[in-house]
Structure formats: structure tokens, C-alpha cells
Amino acid sequence: MADIKPNHTIYINNLSDRVKKDELKKSLHMIFTQFGEIIAVMSFRTDKMRGQAHVVFKEVSSASNAMRAMQGFPFYEKPLRIQYAKEDSDVISKAKGTFVERSQKSKNAMKRKRPAGRKDGDDGHAAPNKILYLSNLPEDVSTDTIQVIFNQFPGLKDVRLVPNSAGIAFVEFENEELAEPAREALDNFKITPDMQMKVDFAKK
DNA sequence: AGCACA
């Protein structure tokens, strides 16, 4: 599992865990700075992270050279084990614009673990997904009208009327988590004084 | 062995 793809950051393990954090970081900085500008050296003596460190370089090429040159280098009596980090460091992803807030990340992970597995029809409704199925709409409703109604919810992506089928439409959100609040709030919404729009998840 | 973001 040694072949992760090149990264600005190298992941080092097999470090002596007897060295204090600040000294370790300083020493790592000293031996790696020759390969190029270092943005950060990070190590934590938590149970999970002891004996390991991350060194973030400004250039990926510096990380590559550092890894090649210092692989197995004796450091506090132990040979360094170096790999590319498996994910971008936050400083890097922020620079690239791909950074995702960590709280948000774990929230998504939780969501994914949610007792999924409900299938269409288990309770007479389609399983949750990012596309909503609208019915009982006025025949002459426009996409603009629907868009205005759904735009108050974040994540709206597309509104589609169905050619030759008056009274129904599909509304797509970026994901199921964003579609659900809109469905919940707008099911039975009185789109005209005498029409209640139905909002369900679309069947797959 | 263990991949974080203090």
C-alpha cells in the first residue's frame, strides 16, 4: 500500500515516540528544508497519531525528492518510513479551492451511514433522492413559478416540466439532503387558491 | 499499525 499518488504532503511514520512534539517538528524541519519550502510540519502525540508526522511542501516535486532521498534515513535511531499523504493537507486544499469543512465532512459521513436501504414503495412513496416529483400543478404553470417557490431552499439545481404532461414537473437538488427539506415544506403547498401541489421523491 | 489539519 506504499504507492499513493504524489502529494504536497509526505506522511512519515516509524518515528521515535520518545521525542517531544516541538523538538520532533523542529528536527523534521531541519532535515527536510533542503528539499524546498516547507509550509507546515504537523505531528500530534495522540494515541492515533503518535510516531507519525506530516510535512507539507510548497511544491509536490519537493515532496517527491524528500521522500526518495530520506527514505530509511536514521532519525533518532530509527529509519524514517515515508509515503505521500493520502489526502491533501488543509492548507493545500484551501489553496486549490477544494477544501471541505471538516464538521461538514463528518456530517455527510453520518448521513451516509443512516439506515439506508429503504426502497421505492416500502411505504407507498419513492425512496428519498435528489429529485422531487411534483404533481397536481396548474396546467399553465411555468418553470419560473416553480423555481421561485423552490429557490428559497438551498441546493436547487433544475426545474423541468414534462412536455405533453400537464400538471407535473421534476425539481432537482444537488443532493438528497437538500431535497428533503424542500419536499417536507412544500408538499401540499397551495400553489393557487384551489390547488394543493403534491411533492414526492421521484421514482428512480 | 496507526493519515491530521491545535
Side-chain angles (χ1 to χ4, degrees), chain A residues 1-118 127-130 151-157 172-182:
Chain A
M1 194 59 184
D3 30 43
I4 300 177
K5 56 174 170 328
N7 194 294
H8 286 79
T9 304
I10 54 174
Y11 166 75
I12 307 167
N13 65 3
N14 199 41
L15 292 166
S16 165
D17 50 9
R18 296 199 313 279
V19 188
K20 285 173 301 305
K21 181 173 100 166
D22 288 336
E23 182 189 336
L24 181 71
K25 285 167 62 163
K26 212 171 292 174
S27 302
L28 286 169
H29 199 283
M30 288 195 304
I31 64 169
F32 281 111
T33 191
Q34 56 178 313
F35 301 100
E37 185 177 337
I38 294 174
I39 297 179
V41 177
M42 276 168 288
S43 76
F44 311 94
R45 297 181 89 199
T46 57
D47 284 341
K48 190 180 185 194
M49 291 309 295
R50 68 178 52 248
Q52 304 154 76
H54 288 86
V55 178
V56 189
F57 288 95
K58 176 122 181 282
E59 305 292 339
V60 176
S61 58
S62 304
S64 301
N65 291 333
M67 182 165 72
R68 219 186 31 246
M70 300 302 279
Q71 195 63 264
F73 180 80
F75 186 70
Y76 295 103
E77 336 274 42
K78 302 179 72 182
L80 294 178
R81 302 274 178 249
I82 312 174
Q83 298 168 263
Y84 291 114
K86 62 178 168 207
E87 298 194 325
D88 280 344
S89 297
D90 287 357
V91 256
I92 301 300
S93 57
K94 279 173 182 164
K96 288 188 184 170
T98 56
F99 178 70
V100 183
E101 214 45 70
R102 212 164 311 286
S103 53
Q104 199 170 317
K105 242 193 210 168
S106 57
K107 206 184 290 171
N108 289 341
M110 303 279 285
K111 283 279 174 70
R112 234 170 279 123
K113 254 182 267 170
R114 164 183 58 78
R118 244 199 72 229
N129 67 87
K130 66 180 181 179
N151 230 347
Q152 56 186 315
F153 298 89
L156 178 62
K157 265 185 84 176
E172 178 171 351
F173 279 81
E174 273 160 29
N175 56 50
E176 166 191 330
E177 284 74 23
L178 292 170
E180 160 56 22

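Quick note on labels: first sequence line is chain A, next is B, and so on, each numbered from 1. A quick note: this is a predicted structure, and the numbers were derived from the prediction, not measured.
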(message) Distance check, rounded to the nearest 0.5 Å: A/Ile39 atom CD1 versus A/Ser89 atom OG?
(response) 8.5 Å
(request) Quick one: pull up CG in A/Leu178 and NZ in A/Lys157 and give me the separation to the nearest 0.5 Å. (result) 11.0 Å
(request) Grab the two heavy atoms, one from A/His54 and one from A/Ala85, that are nearest each other, plus how far apart they are. (result) CD2-CB, 4.1 Å
(request) For A/His54 and for A/Phe44, find the nucleotide of DNA chain B with the closest heavy atom, then tell me which residue's nucleotide is more 5'. (result) A/His54
(message) Output the rounded distance in Å from NZ (A/Lys20) to P (B/dA6).
(response) 23 Å
(message) Has A/Arg45 got a side-chain atom pairing as donor or acceptor with A/Lys20's backbone, closer than 3.5 angstrom?
(response) no
(message) Pair A/Met70, A/Phe35 - check side chain to side chain contact (heavy atoms under 4.5 Å, CB included), show working.
(response) CA-CA 10 Å; A/Met70 300 302 279; A/Phe35 301 100; 3.5 Å; yes
(request) Mind running a 4.0 Å heavy-atom check of residues 45-52 of chain A against DNA chain B and sending the residues that fall below it, in number order? (result) A/Lys48, A/Met49, A/Arg50, A/Gln52
(message) Give me the atom names and distance for the closest heavy-atom approach of A/Ser62 to A/Gly36.
(response) OG-CA, 3.7 Å
(request) Apply the side-chain hydrogen bond (donor to acceptor under 3.5 Å, both in side chains) test between A/Tyr11 and each candidate in A/Gln83, A/Glu87, A/Gln52, A/Arg81; give the one that qualifies. (result) A/Gln52
(request) Using whole Å, report how far OH of A/Tyr11 lies from P of B/dC5. (result) 13 Å
(message) Rounding to an integer number of Å, can you tell me how far A/Ile39 CD1 sits from B/dA4 C1'?
(response) 15 Å
(request) Could you state the atom-to-atom distance from CD of A/Gln83 to P of B/dA1 in whole Å? (result) 12 Å
(request) Find the distance between OG (A/Ser16) and CZ (A/Phe75) and round it off to the nearest 0.5 Å. (result) 9.0 Å
(request) Could you check if a side-chain atom of A/Phe99 sits within less than 4.5 angstrom of a side-chain atom of A/Asp90, using non-hydrogen atoms only? (result) yes
(request) Could you state the atom-to-atom distance from CD1 of A/Ile12 to P of B/dA4 in whole Å? (result) 15 Å
(message) What is the distance, to the nearest angstrom, from the CG atom on A/Leu15 to the P atom on B/dA1?
(response) 14 Å
(message) Tell me which residues in residues 21-28 of chain A lie within less than 4.0 Å of DNA chain B, going by non-hydrogen atoms.
(response) none
(message) Without decimals, in angstroms, what is the distance between A/Phe57 CZ and B/dA4 P?
(response) 20 Å
(message) I'd like to know if A/Glu172 pairs up with A/Lys130 as an ion pair, taking the criterion as any Lys NZ or Arg NE/NH1/NH2 lying under 4.0 Å from an Asp or Glu carboxylate oxygen.
(response) yes
(request) Output the residues of residues 63-71 of chain A in contact with DNA chain B, where contact means a heavy atom of the residue under 4.0 Å from an atom of the strand; sort by number or write none. (result) none
(message) Rounded to whole Å, how long is the line connecting atom CD of A/Glu87 with atom C1' of B/dC5?
(response) 11 Å
(request) Answer yes or no: side-chain N or O of A/Thr9 and base N or O of B/dA4 forming a donor-acceptor pair under 3.5 Å. (result) no
(message) Test your reading of the model: is there a side-chain donor-acceptor pair from A/Gln71 to the backbone of A/Ile82, 3.5 Å cut-off?
(response) yes
(message) At 4.0 Å (heavy atoms only), tell me whether A/Asn14 reaches a base, stays on the sugar-phosphate, or touches nothing.
(response) base
(request) Pick base, sugar-phosphate or nothing for A/Asp88, based on heavy-atom distances below 4.0 Å to the nucleic acid. (result) base
(message) When you compare the side chain of A/Thr9 with that of A/Asp88, does any pair of heavy atoms fall below 4.5 Å?
(response) no
